[in-house]
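Here's the structure we're looking at; comments come further down.
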Amino acid sequence: MVARARDDMKADDSCFRAKHIQLGGLSLNVNSGGEGPPILFLHGFPEQGKAWLRVAEELCKDHLCILPDQRGYNLSDKPDRIEDYAIDRLLGDIDALTDAFDIDQFVLAGHDWGGALAWWYAARNPDRVSRLIIANAPHPALFQTALVEDKAQRLASQYITRLRVAGSENILLEGGAAAMWDRMFAANPAFDETAKAIFTKAWSQPGAMTAMTNWYRASPFVVPEPDETAELPSWIFDENFSIKMPTLVVWGMRDTAMLPVLLDGLHDFVQDMRIERFADAGHAVIHERPVAVANAIREFIAT
């Protein structure tokens, strides 16, 4: 009961400071705070850097925590072209950002789309990522496989196709940012009025919603129609997705978008892995159980 009560507390973000960091021709808004071994936190859709705030607030006591608004989100730059959100561009931002902080090796944490990037980056850069932390984000090869072979996950992922359609950003914002909030987050008690203000302000930034949906348009994932006969795309065989560093996976088991079946087969790709399942949390596990997630991360890093 004590741990859950702490989960319900609002984060005090006083140890974090925001600044814009120039990465070549791209400017990212980054919140960072704390001292010690660095942890880079990557958020997902449709959030922003502070999605990880309540977790990072616990960890900044003994870690440098870096929470960027990824490209296209909130106060970071929003390139116009769909190809500017291709996987290689997004992964390049991680290199540029950690170089800007003069970091050679770091812990990498990601949720949702940020978790997908974290899987990709860790597989390609085992020398830079000391430990990997994933929150409700499927391994790319397993996700693509499930999209083809698992009927339930294919059905649950049809939203990706809807987000790729031209004009989907206007549908999302129908009625305004507050209406979008009501449809997506208002029913979840983990999100309060402070979160609403942060999210709706981010979504209201010029070009933000188009940029955010461009992540889906540029992604390589093939999402077949529910009854379509489909084959696995070649890209999942063209890249080595093996994860060599110790990996912690935290998963809200009530997730209706990323189903628990996506945990099956992970041991085929990850040499050293611990899975923490939260039976009472969903896709927003980092919001619903932030202190428990932070404690799991601290214990994992210490071992």
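Everything numeric in this text was worked out from a predicted model, so none of it was measured. Keep in mind that the numbers below use all heavy atoms, side chains included, and drop hydrogens, waters and symmetry copies. Heads up: numbering here begins at 1 and tracks the sequence.
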Is it the case that atom CG in D227 sees more than 12 heavy atoms from other parts of the structure closer than 6.0 Å?
no
For F199, does its backbone N or O pair with a side-chain atom of Q48 as donor and acceptor, under 3.5 Å?
no
Set of residues satisfying ring pair (Phe, Tyr, Trp, His ring centres under 6.0 Å) with respect to F278, sequence neighbours excluded
none
Could you see if M212 belongs to whatever hydrophobic cluster contains L117? Use Ile, Leu, Val, Met, Phe, Trp, Tyr and a side-chain cutoff under 4.5 Å.
yes
Counting heavy atoms not belonging to D238, are there more than 12 under 6.0 Å from its CG?
yes
When you compare the side chain of Q70 with that of L42, does any pair of heavy atoms fall below 4.5 Å?
yes
Under 4.0 Å between a Lys/Arg side-chain N and an Asp/Glu carboxylate O for E228 and R154?
no
Distance in Å, L259 CG paired with S157 OG, rounded so as to fall on 0.5 Å steps
7.0 Å
Those residues at least two apart in sequence (or on a different chain) that pass ring pair (Phe, Tyr, Trp, His ring centres under 6.0 Å) with F143 are F221
Return yes if some donor-acceptor pair links the side-chain N/O of Q153 with the main-chain N/O of A257 below 3.5 Å, else return no.
yes
E169/R217 ion pair, N-O < 4.0 Å
yes
Distance-only, no hydrogens or angles: does the N125 side chain make a donor-acceptor pair with backbone N or O of R128 under 3.5 Å?
no
So do E58 and I297 actually touch side chain to side chain, heavy atoms under 4.5 Å?
no
Ignoring hydrogens and angles, tell me if any N or O in the side chain of S27 forms a donor-acceptor pair with the backbone of Q22 under 3.5 Å.
no
Please answer whether the main-chain N or O of K61 pairs with a side-chain N or O of E35 as donor and acceptor at a distance below 3.5 Å.
no
Cation-pi between R274 and F300: NZ/CZ under 6.0 Å from ring centre and within 45° of the ring axis?
no
Specify whether H111 and H283 have parallel, tilted or perpendicular ring planes, treating 30° as the upper limit for parallel and 60° as the lower limit for perpendicular.
tilted
Is there a donor-acceptor pair closer than 3.5 Å between any side-chain N or O of R71 and the backbone N or O of K78?
no
In terms of the angle between their ring planes, are W203 and W181 parallel, tilted or perpendicular, with boundaries placed at 30° and 60°?
tilted
What I want to find out is whether D95 reaches R124 closely enough, with some N-O distance under 4.0 Å, to be called a salt bridge.
no
Strictly by modelled atom types, are E288 and N188 linked by a side-chain donor-acceptor pair under 3.5 Å?
yes
Any side-chain to backbone donor/acceptor pair from Q144 onto L232? Under 3.5 Å, distance only.
no
Using the rule that Ile, Leu, Val, Met, Phe, Trp and Tyr join whenever any side-chain heavy atoms are under 4.5 Å apart, tell me whether V261 and V270 fall into a single cluster.
yes
I want to check something: taking the side chain as every heavy atom from C-beta on, are W119 and F269 in contact at a cut-off of under 4.5 Å?
no
Does a side-chain heavy-atom distance below 4.5 Å link L53 with F41?
no
Find out whether F101 and S32 are in side-chain contact, i.e. whether some heavy atom of one side chain is under 4.5 Å from a heavy atom of the other.
yes
Can you tell me if S168 uses its side chain to pair, donor with acceptor, with the backbone of R164 under 3.5 Å?
no
For the residue pair E47 and Y73, establish whether any side-chain heavy-atom pair is separated by less than 4.5 Å.
no
Sorted by first residue and then second, give each side-chain hydrogen bond (donor to acceptor under 3.5 Å, both in side chains) pair with at least one member in residues 260-272; sequence neighbours left out.
none
What orientation do W215 and Y85 show, parallel under 30°, tilted 30 to 60°, or perpendicular over 60°?
tilted
Please confirm whether the backbone N or O of D69 pairs with a side-chain atom of N29, one donor and one acceptor, at under 3.5 Å?
no
Side chains of H63 and V107 in contact at under 4.5 Å (non-hydrogen atoms)
no
P226 and Q158, any side-chain heavy atoms less than 4.5 Å apart:
yes
S76 side chain vs G72 backbone, donor-acceptor pair below 3.5 Å
no
Do I133 and V129 land in one hydrophobic cluster if side-chain heavy atoms of ILVMFWY residues count as linked below 4.5 Å?
no
